[in-house]
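For reference, the structure is listed below as structure tokens.
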Amino acid sequence: MCNVKTQILSENDCEFAAQILKNGGIVAIPTETVYGLAANALDKSAVKKIFVAKGRPSDNPLIVHISEVEEIYNLVSEFTPAAQKLAETFWPGPLTIILKKSDIIPSIVSGGLGSVAVRLPGNSMTRKIIKTAGIPLAAPSANLSGSPSPTKFLHVFTDLFGKIDAIVDAGPCEVGVESTVISLLNDVPKILRPGAITFEQLKSVLDNVEVDDAVLAQLDENSQPASPGMKYKHYAPKARVVILNGSRELFVNYVNNHANPQTVALCYEDDVEVLKIPAVTFGKEADPYSHAKNLFDALRKIDEMPQFNTVFARCPAQDGIGLAVYNRLLRAAAFNVVNL
Ligand code: TXA
Ligand code: MG
């Protein structure tokens, strides 16, 4: 789809956004994690428009968003006890649950798989749009495939203006990294993508939970990841990103010793004053939630600075929400980590 007239809507236009969705249109909507590009999940031709607008590979399945827990019953073949427990504890919120799909889910949504990913978002405006539309909404992140997920209206506008029917501008997203994706298809629940609902939180509710290998390690070319999205190149800025794993002091020394006019730092606000090179920041060191909220915006900023060919990035913590931030940064860096 090209040269579509894209309407810019405000938080007061939820009903209008819902109407467009009901009529088979595609609309970028805010959620608590990142902006999503929504369509009626049960309408194949509406969903097709999402893949075209984003340039998304057709085997990469979409998450289906609902506004009340009961809406999941039609979408899955069995709402298992583990899924019920997770839904009770973490919904509404940034957790996506993968279960066997029902026949109602078109194969374009599931990427040809026999499963479906379902999420009940924490953002009340998202739920209002879904509820008013009266349909489940398939919604990937509202970015062009391969660019960082959009956490601000401007990111969506830059990527998709002229390609989609409307964008609802609701300011910056609260969380800033996409939802935690957990698969309940096998005996042991598996985290396919870390997010704001953490491994530690999931472990406190489930008897057992594993983190998929692809979260922290590069897959070899021939392996089939549990989540098709993991095999695609993600969030790769034009410059080479090197993650520097070590204390603040070691980071600062390394960066200052390797400084040249083409290097830029991706670091915490507190680091800037001691660095000899320009820096783009992603939050305050002591506040891991600020790292999640700012990372994608920082990566987009770096892409607007063609004078730099190397990015020295501070390595986030790997527990709590830090695991999600580290997972996204690893992909941006093509797994290039230097242990200091
Ligand atoms: O926070 C979020 O989850 C955002 C907002 C808009 O809700 N959505 C989002 O969607 O991040 P997307 O399409 O960008 O990422 C969905 C991920 C992809 O990696 C996809 O491969 C995986 O979930 N996925 C979806 N359905 C799946 C399935 N049935 N089996 C395995 N992985 C699945
Ligand atoms: Mg995405």
Side-chain angles (χ1 to χ4, degrees), residues 26-39 41 47 50-51 53-67 75-77 90-102 105-123 125-127 129-130 136-151 155-156 159-160 168 170 173-186 189-197 212 214-215 219 224-235 292 296 324 327-328 331:
I26 55 174
V27 181
I29 59 171
T31 83
E32 76 278 26
T33 55
V34 301
Y35 276 83
L37 178 57
V47 173
I50 293 180
F51 284 88
K54 279 182 59 93
R56 183 177 176 101
S58 62
D59 67 347
N60 196 1
L62 307 180
I63 296 173
V64 178
H65 297 67
I66 56 177
S67 65
L75 307 178
V76 299
S77 66
F90 300 112
W91 280 358
L95 179 71
T96 295
I97 304 175
I98 296 180
L99 290 164
K100 281 198 194 120
K101 79 177 194 70
S102 72
I105 300 289
S107 95
I108 187 168
V109 170
S110 66
L113 300 173
S115 58
V116 63
V118 184
R119 157 159 141 78
L120 202 176
N123 182 317
M125 200 192 313
T126 323
R127 293 200 304 275
I129 293 171
I130 302 168
L137 296 180
S141 47
N143 52 288
L144 289 175
S145 247
S147 68
S149 289
T151 54
H155 302 160
V156 183
D159 280 15
L160 296 175
V168 180
C173 301
E174 213 180 298
V175 176
V177 289
E178 310 90 332
S179 62
T180 306
V181 176
I182 188 163
S183 169
L184 299 182
L185 297 179
N186 300 310
K190 199 174 244 193
I191 296 173
L192 305 186
R193 180 176 72 183
I197 302 297
D212 195 88
V215 167
L219 293 169
Q224 268 306 329
S227 175
M230 292 205 230
K231 74 175 176 236
Y232 294 108
K233 198 173 169 192
H234 258 166
Y235 329 128
F296 288 141
N327 166 266
R328 306 312 190 271
R331 288 179 152 64

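Computed from heavy atoms alone, side chains included, the values below leave out hydrogens, waters and symmetry copies. Both counts, for ligands and for their atoms, begin at 1 and track the order of listing.
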Could you list the atoms of ligand 1 found under 4.0 angstrom from a heavy atom of Ala226? 31 (C)
Kindly compute the distance separating CD1 (Ile182) from CG (Leu192), expressed to the nearest 0.5 Å. 8.0 Å
Provide the number and element of each atom of ligand 1 under 4.0 Å from a heavy atom of Ser141. 8 (N), 9 (C), 10 (O), 12 (P), 14 (O)
Rounded to the nearest 0.5 Å, what separates atom OG in Ser141 from atom CG in Leu62? 10.0 Å
Of the side chain and backbone of Arg56, name the one, both, or neither that has a heavy atom under 4.0 Å from an atom of ligand 1. side chain
Part of Arg119 within contact of ligand 1 (heavy atoms, under 4.0 Å): side chain
Using distance alone, decide if ligand 1 has a nitrogen or oxygen within less than 3.5 Å of any nitrogen or oxygen in Ser179. yes
Counting from 1 in the order shown, the ligand 1 atoms closer than 4.0 Å to a non-hydrogen atom of Ile98 are 27 (C), 28 (C), 30 (N), 31 (C), 32 (N), 33 (C)
At a non-hydrogen distance cut-off of under 4.0 Å, which region of Ser115 contacts ligand 1 (side chain, backbone, both, or neither)? both
Might you work through the side-chain contact (heavy atoms from CB on, under 4.5 Å) test for Lys54 and Leu37, ending with a clear yes or no? CA-CA 9 Å; Lys54 279 182 59 93; Leu37 178 57; 4.0 Å; yes
I'd like to check which ligand 1 atoms, numbered from 1 as shown, lie under 4.0 Å from a non-hydrogen atom of Gly36. 6 (C)
Out of all atoms in ligand 1, which are within 4.0 Å of some heavy atom of Ala139? Include the element for each. 6 (C), 8 (N), 10 (O)
Where ligand 1 meets Asn60 - atom numbers and elements under 4.0 angstrom, heavy-atom basis: 18 (C), 20 (C), 21 (O)
Under 4.0 Å from any heavy atom of Ile63, which atoms of ligand 1 are there? 3 (O), 8 (N), 9 (C), 10 (O), 16 (C)
d(His155 NE2, Leu160 CG) to nearest 0.5 Å is 12.5 Å
Quick check on the Mg ion (ligand 2): does Asn143 put an N/O/S atom closer than 2.8 Å to it? no
Does anything in residues 91-101 pair up under side-chain hydrogen bond (donor to acceptor under 3.5 Å, both in side chains), and if so which pairs, sequence neighbours excluded? Thr96-Ser179
Counting only nitrogen or oxygen atoms and a 3.5 angstrom limit, does Arg193 reach ligand 1? yes
Does even one non-hydrogen atom of His65 get within less than 4.0 Å of ligand 1? yes
Using atom types as modelled and distance alone, determine if a side-chain donor or acceptor of Asp59 lies under 3.5 Å from a backbone N or O of Gly111. no
Any heavy-atom pair between the side chains of Pro92 and Pro121 that's under 4.5 Å? no
Sequence-distant partners of Thr31, side-chain contact (heavy atoms from CB on, under 4.5 Å), two or more places apart: Thr33, Arg119, Thr126
Beyond-backbone contact of Pro106 with Val47, side-chain heavy atoms, under 4.5 angstrom: no
